[in-house]
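One structure is given here, and the rest of the page talks about it.
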There are 2 protein chains.
Amino acid sequence: MKSLAQNYRSQCPLSAALEMIGDKWSLLIVRDMCMGKSKYGDFQNSPEGIPSNILANRLRQLEENGIIKKQPYQTNPPRYEYLLSAKGADLLPVLQQLGLWAHRYVPGSMPPPDDFMAAKPEDLLAGK
Amino acid sequence: MKSLAQNYRSQCPLSAALEMIGDKWSLLIVRDMCMGKSKYGDFQNSPEGIPSNILANRLRQLEENGIIKKQPYQTNPPRYEYLLSAKGADLLPVLQQLGLWAHRYVPGSMPPPDDFMAAKPEDLLAGK
DNA sequence: TCTTATCACTTGCTAATTGCAAGTGACATA
DNA sequence: TATGTCACTTGCAATTAGCAAGTGATAAGA
């Protein structure tokens with residue numbers, strides 16, 4: 001995980017944020033995790049159809065950036081699940097605003113689900 | 001500008017939003033416009049150093065998506081400036097949240113400027 | 001008038017990233 | 001032993017990114 005502003009193309013926080021999550025897929029994975037998904041297969045089954053190699057790559061990047069954590073949830077066979085860190089959970093307000101925006105301006109798009117809009121970052125950490 | 005949810009990869013508003021602005025540069029241009037910049041050269045001079053061909057491409061996409069409008073501001077020589085539409089101005093809350101998030105989690109990043117955080121979408125439309 | 005400059009792009013080209021499809025390894029179950 | 005599942009990985013073609021240089025319209029200066 002990058003630790004100094006120097007590693008980024010500028011000192012602007014927005015710019016740094018976009019270097020971490022500025023693509024078409026990363027925030028979709030975070031969205032899924034906000035909705036309680038945690039397994040590789042869960043993410044793969046989302047309606048947008050993320051390609052498997054992209055998913056694996058994004059999970060790695062999100063972990064490197066400290067947004068998610070990979071944890072074993074069984075040993076036989078060894079399986080891992082992905083959970084939001086505090087940093088990742090705190091992206092929720094961003095996603096909520098972005099979801100509202102898109103719903104307002106994309107005719108025909110679904111409204112963000114009530115439970116998604118009602119959630120708070122701290123809800124996403126332990127018991128969900 | 002896409003007008004039906006069908007044109008997007010899913011009906012999720014977040015997903016549609018990311019198809020429009022999910023890259024490393026688009027929101028940086030919107031940020032600059034929120035700060036009062038409007039000319040091609042202004043965007044080019046931002047510290048992140050966007051390549052010229054990418055800038056031209058993103059301005060085109062942002063216009064196609066109805067986020068910005070291209071307007072002539074002089075005729076000799078013909079010159080254009082780029083202004084936020086209501087749709088674009090309403091991205092401000094998203095940028096504010098994302099700026100706060102990054103400032104909180106990227107050590108050494110600047111805090112979002114006070115005037116940026118104090119602004120409201122309606123401030124960005126006419127007189128700025 | 002001729003030259004130089006500026007602004008807002010565009011073009012060419014290489015490198016990196018994306019995305020589809022198929023394959024792999026560890027283990028469970030029949 | 002045979003088949004299946006899950007979580008990836010690999011190969012490869014196609015798209016996109018990014019650097020550097022070029023272009024066209026016009027202004028300003030010699």
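Not measured: the values here are computed from a predicted model. Naming convention: chains lettered A, B, ... in sequence-line order (proteins, then strands); numbering from 1 in each chain.
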Are any of A/W25's side-chain N or O atoms less than 4.0 Å away from OP1 or OP2 of C/dG19?
yes
Could you work out which one of D/dA17, D/dG18, C/dT18 sits closest to the side chain of B/P51?
D/dG18
Given protein heavy atoms under 4.0 Å, the one-letter contact record of nucleotides 2-9 of chain D, with B base, S sugar-phosphate only and - none, is simply ----BSBB
For the atom pair NZ (A/K69) and CG (A/L62), what is the distance rounded to the nearest 0.5 Å?
13.5 Å
Separation of A/I54 atom CD1 from D/dT15 atom P, in whole Å?
15 Å
If you define the side chain from C-beta out and look only at heavy atoms, does anything of B/Q61 sit under 4.5 Å from B/W25?
no
Which ranges of DNA chain C pair up as stems, where a stem means three or more consecutive Watson-Crick or G-U pairs with both distances under 3.5 Å?
C:1-30 with D:1-30
In whole angstrom, what separates B/E48's CD from D/dG18's P?
12 Å
Rounding to a whole Å, what distance do you find between A/E19:CD and D/dG18:P?
10 Å
With no hydrogens and no angle check, is any side-chain donor or acceptor of A/E19 less than 3.5 Å from a backbone partner on A/G22?
no
Whole-Å distance separating the CG atom of B/L55 from the C1' atom of C/dA8:
9 Å
Rounded at 0.5 Å granularity, tell me how far CG in A/L28 sits from CZ in B/R9.
5.0 Å
Calculate, to the nearest 0.5 Å, the distance between atoms CG and CG belonging to A/L27 and A/L95 respectively.
5.5 Å
